[in-house]
Each structure stands twice: as C-alpha cells, then as structure tokens.
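Some notes on the structure that comes next.
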Amino acid sequence: MQMRSWITPVAWVALLCALAALLPTMAPLFSWVEPGTDNLVYTRDSFWFLLQSHIWLVLVSATIGSLVAVSAGIFVTRPAGRDFLPLVSQIASIGQTVPPVAVLALAVPVMGFGEKPTFLALVLYGLLPILRNTLAGLGGINPTVLESAKGMGMSSAQVLFKVELPLAGRVILAGIRTSVTINIATAAIGSTIGARTLGDPVIAGLVNGNTAYVLQGAILIGLLALATDSLFEAIERAWGRAFSI
Amino acid sequence: MIELKGVTRRFGDAVAVDNINLTIETGEVCVLVGSSGCGKSTTLRMINRLLPRTSGEILVDGEDINNADPEALRLNMGYAIQSTGLFPHWTVARNIGVVPDLLKWPARKRDERVSELLTLLGLDPATDAIKYPHQLSGGQAQRVGVARALAGDPNILLMDEPFGALDAITRENLQQEMLRIQRHLNKTTVFVTHDIDEALKLATRIAVMDQGRIIQHDTPEAILRRPASAFVENLIGKGDRGLKLLGLRTVGDVMARHLLPSQSEPLVEVLKETDSLRVALSIMVWQNSDELPVFSEAGEAVGKVTREQLLQGGA
C-alpha cells in the first residue's frame, strides 16, 4: 500500500537512466528527424556525464538554497527576527517575478563564465519559492495550537521541532519541489554560459541546426524534471502519512 | 495556593487587568466570570506566564512565579482552552501524553496514565486513543483537551472556557464530569467563563470581573444572596435567582434519611441524592406531589424529601 506511491518515481528514474545509456545506440531513430547527416547523436560528452553534472549542480544548489531559505524563514518568524518578516516576505514575492534567465545573465559579469555563475543563479533563484512556502507554512499554523504548545510547557525549540516544522513541512516540501523543478530547467540554460549540463546538446543543436541534438537534450531534461517531480510527490505523501495531515 | 497581589496588565495605553488582589486556596475551584474583555483570560494567562504582568506579584505556594523557569512552571499547571489547541498531527493518545513526555516519564507509566484519563473522561482507550483530532466531535475534542491538561498530574489546573464552544447538553455533561473529577482529584483550579450558571455550578468561590477589576469574590451562595453591585445583580439575573439558589444545594443535604437504605422498584423519573434542589422542585411540580422518595447512585431508596424541606433548604 505505502510502497505503491514509490513505483511511479522509480519507473521515471529507470527510464531516464536507460535512455541516457542507450541514446547513442538509437541513431537510426534520429535519422527520421535529421535525414542526410552522419552526426545523428551528440558525442562531445557522454549523456551519462552530462546527466550527472546536471544533477550535481541542481542537488548542491537546492541543498544550500533549502538550508538558507528554511533557516531564514524560521528566523523571521521567531520573536528575535520578527522585525525582518515584512522585508523578507516582500523580497520573496518580488524575487519570483524576475525570470531565471535574467538572474543568469546578471551573474556572468560578476563571476565570469563557467559553473560558478550558474551555481550562484541556481542558489539565488531557488531560495525564493522555498522561502515563500516556509513563511506560508509556518504562518498558516493555527495560533491556538502554538499557544497550547507553549502553555503545556514546551520550550521554543520543542515548539519548533515537535509542532511547527512537522505541521509546516508539507508546504515547505512543496516549495522545495517548485524550486528544484524550476532549477532543472534553469541549469540547462547554464550551458549558454559554460556550465556542463544536459543543455549542451540543445545549444549545440541550435547552433549547428541539428534537430536531433536538440531533441536528445530536451528529452533527457524533460525526463529528469518528471522523475524529480514524481519523487517529490511521493516524499510529500510519505510526510503526510507520517504526520497524518 | 495562588496569590495575586496588586496585579496589573496594560496593553499599550489600555488597562486589561487593573490592580487585582485574589487568593486561591489549595484544592479550591475559583471561577473568574465576566463579560468578554473584562480581563479574566488575561488574568489566567498571567498565572502561567503566557503573558507577562506589567506590575504586581503572583505567588504560587509562596514563590514568585517570575523566579521559576517558565517551562517548569507550566509543566506543573494543566492548561485547557476553548479552542482545545490539540496538535493536529498527533493522535489523541500522543496529545494526552505530551506533558508526561516532556516530563520524561517512562513509556509504560505514560501509556497507563493516558488510558486512565481516557476512561476518566468517558472516552474509549481502545478506539479513541488512535484517532486524530480532526476525527473527533466537538465534545470529544474538549474531553481530550481536559485530559491533556490533567495528564502530567499537575497541582494547578487553568481552564479558559473549556466548554464554551459546546452545545448545551454536551456542556452540561462535561460540567458534571468536571465536578466528579474534581471530587476525586482536588486540584487547585482557576476556571474562566462568561456563563454565570457554569460558574455557580462549578465554583468553590467566584470572582466577578468587570473592566479589569474584581467586583466581588465570594462563594456562589453569597454572590446570589448579597450581590455587591448592580452589575453583579444583573449578571446573576434577578428573575430566577431563587431557583439558582436551589440549584446550589443537593437533595442529600435536606432530605429525611431512612435508617436503612432499601432496595425498591425503579421508577421512571427518580430523584437522586446528588441532584440539586432545583431538580427536585421541578419533578415535584411536574408530578404534582408534596413528597418524593430519594435514591442513591446505586439505586437504593435512601430517604424522602418534602416540599417544605425543599423550600426551607433554599431559603
């Protein structure tokens, strides 16, 4: 019963890995879209390498982004940080209106080309949905629940870890899910400024007018996004079951 | 014993509680009654330091509460509120066990305590313990709220309109149980309500509050007989205060007791010795009789009560 919700993400991940490994052998298939060329499969790097580098970039930036955003969200909802709450929640909602490409473009002059500016852009842009959801999740808890938690004799830390975070967890997870999904796409654009990602075949295909390359990159990016999204859905369900909310 | 000495609480320029003095003896039920905004909840929340006081002193067993660690203080004060504040992500059992857990009781002792309390409050330890708060009716949730307040075996109980949001019948039941539990446990209780009938029913002494001040602090009978001001008189209602007075005493206090209790045929509407004189009078009027047999909880005939005795008892 509980294992069933993990079947979908596992299937997506399996399909993703299979394709990353087998795409080079599927050259005949791509001759349909790009007849008359010999370069039917992107070969400058292996798809495996690009997939790993892509995932690594997103994973590290999402981890840093989540830690920073959740800590900031917790800080501004404590008595000590409450003065910063209006400012931070404003930044969180305004920041969302800036497109990720703009963040990427702005990072280049500061840090030059390569992985670093992509990394910075991913962390910064990934912060916002998590921060917004952390604030919404913590702010959405019934105040009488917090009052009674305190009245029972819980310390501030106990209220946070036993009551607030479990209750807000699902909303925070949804924020991380949005952030990671967006960043999988944003990381691909990172290829334009020199990061090694699944965007490489797409960019190469666009530059050389090779639709097969574009397709190969796009299919893998799409699958990665779908696999990640369904993984998060399963995690959110498991969280809901664990705390029955 | 809880003592409030010259306690004041201001919110900005507004004075919520204005220089009140109140002593609550060990084991007594002190009911703070008044209309909303009179400062009764504020007073309660200052006792467990959910609100700091602006000035004055609050002593528990002679110790100023500001000298104690606030968490340790609250662990020894059961707290139940109108909206229950149950933790929605925990089962009933875990909700009730929260204070024992915070006190680091061994798991077995905690579990025994939880099922003992579920039984005490008329809930089923087998089926209700594993439910989540959203699966409970309003009355059940309030019972769980009260059980949770009692769980750590605190010396003091603070209750802020715990039965406020319930229908009349459920409220009546819970008040009865509250009285029954109080007879067993004898906790020093501060109970806040806006319902004067609830106050008269549960209180050892009532503190009537208005605009942050205590207008009168006395036993229910004294409040009914000698209201200190027009405000108190209004609050208790002039029309039926005689009946309310009858409501304070039980049939057992005034009846003529048989030498030996005897087993007898159960009647449809029996008068028990724990019923109030008010109930006895109502049954008498309804049955148009001058004398009623009185039964014990066990169903034995233990005495009889006449209309004369009733009216003298109320006078």
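- Between Pro88(B) and Leu167(A) the shortest heavy-atom distance is CG-CD2, 3.6 Å.
- Near-neighbour residues of residues 92-100 of chain B relative to chain A, defined by a heavy atom under 4.5 Å from a heavy atom of that chain, comprise Val98(B), Val99(B).
- Of the atoms belonging to Arg49(B), not a single heavy atom falls under 4.5 Å from chain A.
- Nearest heavy atom pair, residue Pro166(A) against residue His89(B), reads CB-CD2, 3.6 Å.
- Within a 6.0 Å sphere centred on CZ of Arg10(B), heavy atoms belonging to other residues, nucleotides or ligands number 12 at most.
- In terms of heavy atoms, Ile81(B) sits closest to Thr144(A) at CD1-O, 4.0 Å.
- For Leu86(B) against Val145(A), the heavy-atom pair with the smallest separation is O-CG2, 3.6 Å.
- Note that the CZ atom of Phe87(B) and the CG atom of Leu146(A) stand 8.5 Å from one another [nearest 0.5 Å].
- The side-chain heavy atoms of Lys162(A) and Trp90(B), taken from C-beta on, include a pair separated by under 4.5 Å.
- Both the backbone and the side chain of Leu75(B) come within less than 4.5 Å of a heavy atom in chain A.
- Residues satisfying the salt bridge (Lys or Arg N to Asp or Glu O under 4.0 Å) criterion with Glu3(B), sequence neighbours excluded, are absent altogether.
- In plain terms, the two heavy atoms of Ser148(A) and Arg148(B) that are nearest each other are OG-NH2, 3.3 Å.
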Go through the steps for Arg45(B) and Glu147(A) under the test salt bridge (charged side-chain N to carboxylate O under 4.0 Å, His left out), then give the verdict. CA-CA 10 Å; Arg45(B) 286 155 52 88; Glu147(A) 151 118 14; 2.4 Å; yes

Residues Arg74(B), Lys150(A); criterion side chain to side chain contact (heavy atoms under 4.5 Å, CB included); working and verdict:
CA-CA 8 Å; Arg74(B) 292 177 194 136; Lys150(A) 212 174 151 196; 3.9 Å; yes

